[in-house]
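Being a predicted model, the structure only gives us computed values, none of them experimental.
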Amino acid sequence: MIEKLIATLFLSREVTHREHLKAKRHGAHLILEEFYDDILDALDKLAECYQGRNGIIDNIPILTNDRPNTDIVKLLEYHMAVVEKLRYVAISKDDAPVQAIVDEVVMVYLRAIYKLNSLK
């Protein structure tokens, strides 16, 4: 399950980068850039710390966006829900340091969702 969690973060990064490039509002352009930079940093930290405890993650799938016409905020909310659903399946509840990084990941989503909704 850690593979799907990590793959979801990569997909979020990819989708938001594409949305960033076609954003018509400067504010959205900047918020999406901040998101894809921050989610990549958090993803890297999560994967490295997980691997420090559990060994190498061998097969991270490449996911495709199965919701291509979804509003970016709704898509981020969906991806965040996937992360929150998988976190305790993929990572032991007792692994506080790695779970704390998942909290950071969720915070990246929440900040972007808040900022994008504030522009409406």
Side-chain angles (χ1 to χ4, degrees):
M1 283 294 130
I2 189 65
E3 298 86 357
K4 183 170 182 188
L5 195 156
I6 296 293
T8 300
L9 301 179
F10 274 122
L11 179 59
S12 290
R13 195 224 57 84
E14 177 70 20
V15 171
T16 54
H17 199 157
R18 290 174 185 274
E19 288 295 313
H20 154 86
L21 293 174
K22 65 182 185 179
K24 293 183 171 91
R25 295 181 323 237
H26 185 66
H29 181 83
L30 296 176
I31 293 163
L32 292 167
E33 179 178 15
E34 179 181 46
F35 176 86
Y36 70 72
D37 284 342
D38 290 351
I39 204 68
L40 191 56
D41 289 341
L43 181 164
D44 204 47
K45 183 193 286 187
L46 175 62
E48 289 173 352
C49 291
Y50 178 91
Q51 291 180 134
R53 183 163 326 270
N54 300 290
I56 298 299
I57 304 167
D58 284 325
N59 297 309
I60 300 169
I62 297 172
L63 302 179
T64 57
N65 184 12
D66 60 353
R67 298 167 177 242
N69 298 316
T70 303
D71 172 75
I72 190 62
V73 172
K74 299 261 184 252
L75 188 64
L76 291 176
E77 290 170 341
Y78 173 72
H79 287 181
M80 182 177 69
V82 170
V83 169
E84 290 179 311
K85 178 182 171 191
L86 292 176
R87 72 180 295 167
Y88 296 117
V89 177
I91 304 157
S92 169
K93 289 180 182 182
D94 298 328
D95 194 346
V98 179
Q99 286 294 344
I101 299 167
V102 178
D103 289 337
E104 291 178 30
V105 166
V106 172
M107 286 188 296
V108 172
Y109 280 98
L110 290 171
R111 287 182 70 214
I113 290 165
Y114 161 71
K115 290 177 181 181
L116 289 166
N117 279 331
S118 294
L119 283 177
K120 291 182 178 177

Give the C-alpha distance, both sets of side-chain angles, the deciding distance and a yes or no for side chain to side chain contact (heavy atoms under 4.5 Å, CB included) between Glu33 and His17. CA-CA 7 Å; Glu33 179 178 15; His17 199 157; over 6 Å; no
Looking only at atom types and distance, does a side-chain atom of His29 sit under 3.5 Å from a main-chain N or O of His20, one as donor and one as acceptor?
yes
Quiz item: Any link between Leu110 and Phe35 through a network of hydrophobic side chains (Ile, Leu, Val, Met, Phe, Trp, Tyr) touching at under 4.5 Å?
Solution: yes
Between the CG atom in Asn65 and the OH atom in Tyr78, the distance rounded to the nearest 0.5 Å is 9.5 Å
Between Val105 and Leu43, is a side chain to side chain contact (heavy atoms under 4.5 Å, CB included) present by the stated rule, with each step listed?
CA-CA 7 Å; Val105 166; Leu43 181 164; over 6 Å; no
Distance col, row Tyr36:OH vs Glu14:CD, nearest 0.5 angstrom, shows 11.0 Å
Shortest non-hydrogen pair, Arg53 vs Pro97, comes out as NH2-CG, 3.9 Å
- Message: Under a 3.5 Å distance rule, please check whether Gln99 uses its side chain to pair with a backbone N or O of Ile91 as donor and acceptor.
- Response: yes
Item to complete: Report yes or no: does Arg67 contribute a side-chain atom to a donor-acceptor pair with the main-chain N or O of Leu75 at less than 3.5 Å?
Response: no
Here the gap from Glu19 atom CD to Leu76 atom CG, rounded to the nearest 0.5 Å, amounts to 9.0 Å
Taken to the nearest 0.5 Å, the spacing of Glu104 CD from Leu46 CG works out to 9.5 Å
Does the side chain of Tyr109 come under 3.5 Å of the side chain of Ser12 through a donor N or O and an acceptor N or O?
yes
When every non-hydrogen atom of Ala7 is compared with those of Pro61, the smallest separation belongs to CB-O, 3.3 Å
Exercise for the section: Kindly work out whether a path of hydrophobic side-chain contacts (I/L/V/M/F/W/Y, heavy atoms less than 4.5 Å apart) joins Met107 to Leu86. Expected result: no
Can a donor-acceptor pair be found, under 3.5 Å and without considering hydrogens, that links the side chain of Gln51 to the backbone of Ile57?
yes
(Q) With a 6.0 Å cut-off (strictly less than), is the heavy-atom count around CG of Leu21, excluding the residue itself, greater than 12? (A) yes
**Asked** Is a side-chain donor or acceptor of Asp44 paired with a backbone partner of Leu40 at a separation under 3.5 angstrom?
**Response** no
Original post:
Between Asp103 and Arg87, is there a side-chain N and carboxylate O pair less than 4.0 Å apart?
Top reply: yes
Is there a continuous path of hydrophobic side-chain contacts, each under 4.5 Å between heavy atoms, that joins Met1 to Tyr50? yes
Cluster question for you: counting only ILVMFWY and a side-chain heavy-atom cut-off of under 4.5 Å, with indirect links fine, are Val73 and Leu119 together? yes
Assess, by modelled atom type and distance only, whether the side chains of Thr8 and His79 contain a donor and an acceptor separated by less than 3.5 Å. no
Rounded to the nearest 0.5 angstrom, the NE2-CD1 distance for His26 and Ile31 is 10.0 Å
Requested in this report: May I ask you to test the Ile60-Phe10 pair for a side-chain heavy-atom distance under 4.5 Å?
Outcome: yes
Rounded to the nearest 0.5 angstrom, the CD1-CG distance for Ile56 and Asn54 is 10.5 Å
For Ile101 and Ala42, the nearest pair of non-hydrogen atoms, with its separation, is CG2-O, 4.0 Å
- Task: In sequence, state the C-alpha distance, the side-chain angles, and the governing distance for Met80 and Ile113, and then conclude on side chain to side chain contact (heavy atoms under 4.5 Å, CB included).
- Result: CA-CA 10 Å; Met80 182 177 69; Ile113 290 165; 4.1 Å; yes
Consider only side-chain heavy atoms of I, L, V, M, F, W and Y, link residues closer than 4.5 Å, and tell whether Tyr114 and Leu30 are in one cluster. no
